[in-house]
Amino acid sequence: MPGVVFIEPGGGRHAVAAPVGVTLMEAARQHGVEGILAQCGGAGACATCHVYVDPAWFDRLPPAEELETGMLETAWEPRANSRLSCQVTLTADLDGLTVTVPARQR
Amino acid sequence: MTTMVIIGGGQAGSQAIDTLRREGFAGRLVLIGEEPWLPYQRPPLSKKYLAGEFALERLPFRHRAFYDEHRVELRLGRRAERLEAAERRVTLDDGEIIAYDRLLLCLGAEPRRLACPGAQLSGVHALRSIADVERIRPDLRPGARLVVVGGGYIGLETAATARQMGCEVTVLETADRLMNRVVAPETSAYFAAEHGRHGISIVCGARVERFEGSARVDGVVCAGGERHPADAVIVGVGALPVTRLAQDAGLACDNGITVDEYCATSDPAIFAAGDCANHPSPHYGVRVRLESVDNAFEQAKAAALNMLDRRTVHDRVPWFWSDQFDNKLLICGLSQGHDRRVLRGEPAGRAFSVCYLRNGELIALEAVNHGKDYMAARKLILGRLRPDLGRLADPGIELRDL
Ligand SMILES: Cc1cc2nc3c(=O)[nH]c(=O)nc-3n(C[C@H](O)[C@H](O)[C@H](O)COP(=O)(O)OP(=O)(O)OC[C@H]3O[C@@H](n4cnc5c(N)ncnc54)[C@H](O)[C@@H]3O)c2cc1C
Ligand code: FES
């Protein structure tokens with residue numbers, strides 16, 4: 001199971017392991033990672049699962065589709081390395097991925 | 001030690017647990033849920049979970065370990081039978097009595113049933129829970145004829161999913177257009193065309209009179225006599241708030257359990273949130289009962305804070321989404337009472353939105369495949385924007401720049 005690290009808004013590191021095939025959002029939500037609200041459960045309809053991806057990893061993720069890009073533009077403080085964590089599916093080569101949860105989701 | 005009890009382990013109940021513990025509640029916390037599952041999300045039930053593309057393990061919000069870590073006493077598969085508000089205690093179906101200091105009712109809603117003849121036949125389904133999906137799924141074999149009664153979002157999502165599973169699908173809607181209570185005619189027309197394009201037969205103005213069949217349903221007959229052959233039927237004609245427990249306990253109820261802006265019922269020790277709660281919307285100045293993930297989530301959060309004596313008003317611009325085929329319908333705000341509608345973009349382009357105004361103020365927006373307009377509108381509605389109508393109608397101008 002790939003392991004992923006979430007840097008929570010308070011600065012804490014929350015490491016979780018999750019099976020291949022689930023999304024980064026699901027991995028966070030199952031373990032109650034602080035600040036990932038994920039209200040729509042991955043439908044790409046809420047932008048409350050926003051994360052900043054460690055730049056070293058950003059380019060290794062499949063790029064965002066148009067709907068995601070549109071949602072991110074108006075999310076809370078988007079950056080160049082912003083993603084919706086529900087649109088990132090865990091694969092074996094994402095083991096070690098680190099993302100930062102923004103201070104707010106909206 | 002203070003005891004907080006939550007009845008109803010759905011979207012709202014699970015959020016309340018999260019908030020209570022995150023905000024430092026250290027006392028006894030009990031969750032009573034009639035369904036045997038850990039609290040789970042319902043939206044996939046008419047979408048990917050129904051299609052079998054989403055495993056059962058992915059439905060719950062949290063693992064069991066989360067509840068253990070946060071010292072939540074789970075009473076799952078157990079129904080709260082009786083609430084005695086004066087004694088502050090709840091009796092479960094197995095006789096267990098639990099006393100509380102603060103109680104939160106997150107009882108949800110239940111599908112409205114049709115009273116017409118044959119509604120009890122086997123093969124006539126409702127769709128609300130995992131158990132319902134387990135009953136429905138075996139009926140959705142390729143080639144099976146499915147009649148969906150109700151052209152609201154649950155009916156249409158189910159129709160789309162069943163079609164993708166290879167069923168022959170007919171949707172019967174009483175009104176003259178689809179989703180007539182929640183979307184504009186342009187949006188209804190767009191979705192009717194999308195469903196038609198995928199081979200679904202949409203019949204508007206159809207009033208179901210009876211279901212036919214001996215043991216199992218084999219047809220649906222409408223007023224006027226038209227008969228639609230059916231191997232299975234899914235009835236999606238709205239939901240009613242679950243209030244019996246509250247009503248029997250003497251709590252005020254009127255289309256839901258009546259709560260104030262602090263989520264408190266007529267008994268100050270009892271709160272309610274989610275689909276079962278009828279509450280004021282300060283932003284819109286009306287009372288509403290909403291059936292949406294967003295409302296369940298936010299109201300439960302506010303209720304939990306109020307249970308901790310952290311006075312918090314539940315005041316939100318609500319939002320909602322629906323997935324049908326590869327279309328995403330995104331709605332924010334309440335359009336009731338609008339006096340003007342403005343279309344942004346062209347439905348033919350497969351991405352457009354409809355803005356609703358009242359006295360010049362933007363009060364709601366529905367977006368089809370347009371996340372940007374939708375996200376921008378959430379902020380603009382909250383800020384009570386009074387947009388220039390010409391600019392609003394120009395899809396070349398970003399909504400957030402208005
Ligand atoms: C098929 C389907 C698709 C949906 N899709 C969307 C969507 O795309 N977007 C969206 O925003 N919303 C959607 N919704 C609506 C959303 O799921 C609900 O608004 C939300 O689940 C409400 O949460 P709740 O906690 O109020 O109620 P629920 O999630 O229904 O939970 C209530 C729980 O309380 C339990 N309960 C009731 N009485 C008792 C008792 N006496 N004792 C113990 N337990 C009890 C019930 O069994 C139930 O488990 C959908 C709903 C359905 C059914
Ligand atoms: S969970 Fe809603 S957009 Fe990701």
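To find a chain, count down the sequence lines: A is the first, B the second, and so on, and within it residues start at 1.
Heavy atoms closer than 4.5 Å to chain A are found in the side chain of Arg400(B), but not in its backbone. Within the 4.5 angstrom heavy-atom criterion, atoms from both the backbone and the side chain of Phe61(B) approach chain A. Using a 4.5 Å cut-off between heavy atoms, Gln15(B) does not touch chain A at all. Both the backbone and the side chain of Leu37(A) have a heavy atom closer than 4.5 Å to some heavy atom of chain B. Both the backbone and the side chain of Glu34(A) come within contact range of chain B, with heavy atoms under 4.5 Å apart.
Per-residue heavy-atom pair counts under 4.5 Å with chain B were compared for Ala75(A), Gly32(A), Gly44(A), and the maximum is reached by Gly32(A). Your options are Glu69(B), Gln11(B), Glu298(B), and the one with the most heavy-atom pairs under 4.5 Å with chain A is Glu298(B). In terms of non-hydrogen atom pairs under 4.5 Å with chain A, the most contact-rich of His63(B), Arg22(B), Glu57(B), Lys372(B) is His63(B).
Taking both residues in full, the closest heavy atoms of Thr74(A) and Lys379(B) are given as O-NZ, 3.0 Å, listed atom of the first, atom of the second, then distance. Residue Trp319(B) comes nearest to Cys46(A) through the heavy atom pair CH2-CB, 3.3 Å, listed as atom of the first residue, atom of the second, then distance. Closest heavy-atom contact between Gly41(A) and Gln41(B): CA-OE1, 3.5 Å.
Residue Arg64(B) places its CZ atom among 12 or fewer non-hydrogen atoms of other residues, nucleotides or ligands, all under 6.0 Å distant.
Rounding to the nearest 0.5 Å gives a distance of 8.5 Å between CD of Glu66(A) and NE2 of His370(B). Here CZ of Arg58(B) is found 4.0 Å from CD of Glu26(A). Values are rounded to the nearest 0.5 Å.
Side-chain N or O atoms of Lys328(B) include none that pairs as donor or acceptor with a backbone N or O of Leu67(A) at under 3.5 Å. Under the 3.5 Å distance criterion, the side-chain polar atoms of Arg29(A) are left unmatched by any main-chain donor or acceptor of Arg62(B). Side-chain atoms of Gln39(A) do not come within 3.5 Å of backbone N or O of Asp294(B) as any donor-acceptor pair.
Of the candidates Phe297(B), Trp321(B), Phe320(B), Cys40(A) forms a side chain to side chain contact (heavy atoms under 4.5 Å, CB included) with just one, namely Trp321(B).
Residue-level contacts of residues 46-55 of chain B with chain A, in order of numbering, are Phe54(B); threshold 4.5 Å between heavy atoms.
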Run the numbers on Glu73(A) and Met375(B) for side chain to side chain contact (heavy atoms under 4.5 Å, CB included), then give the verdict.
CA-CA 9 Å; Glu73(A) 270 183 38; Met375(B) 288 291 286; over 6 Å; no
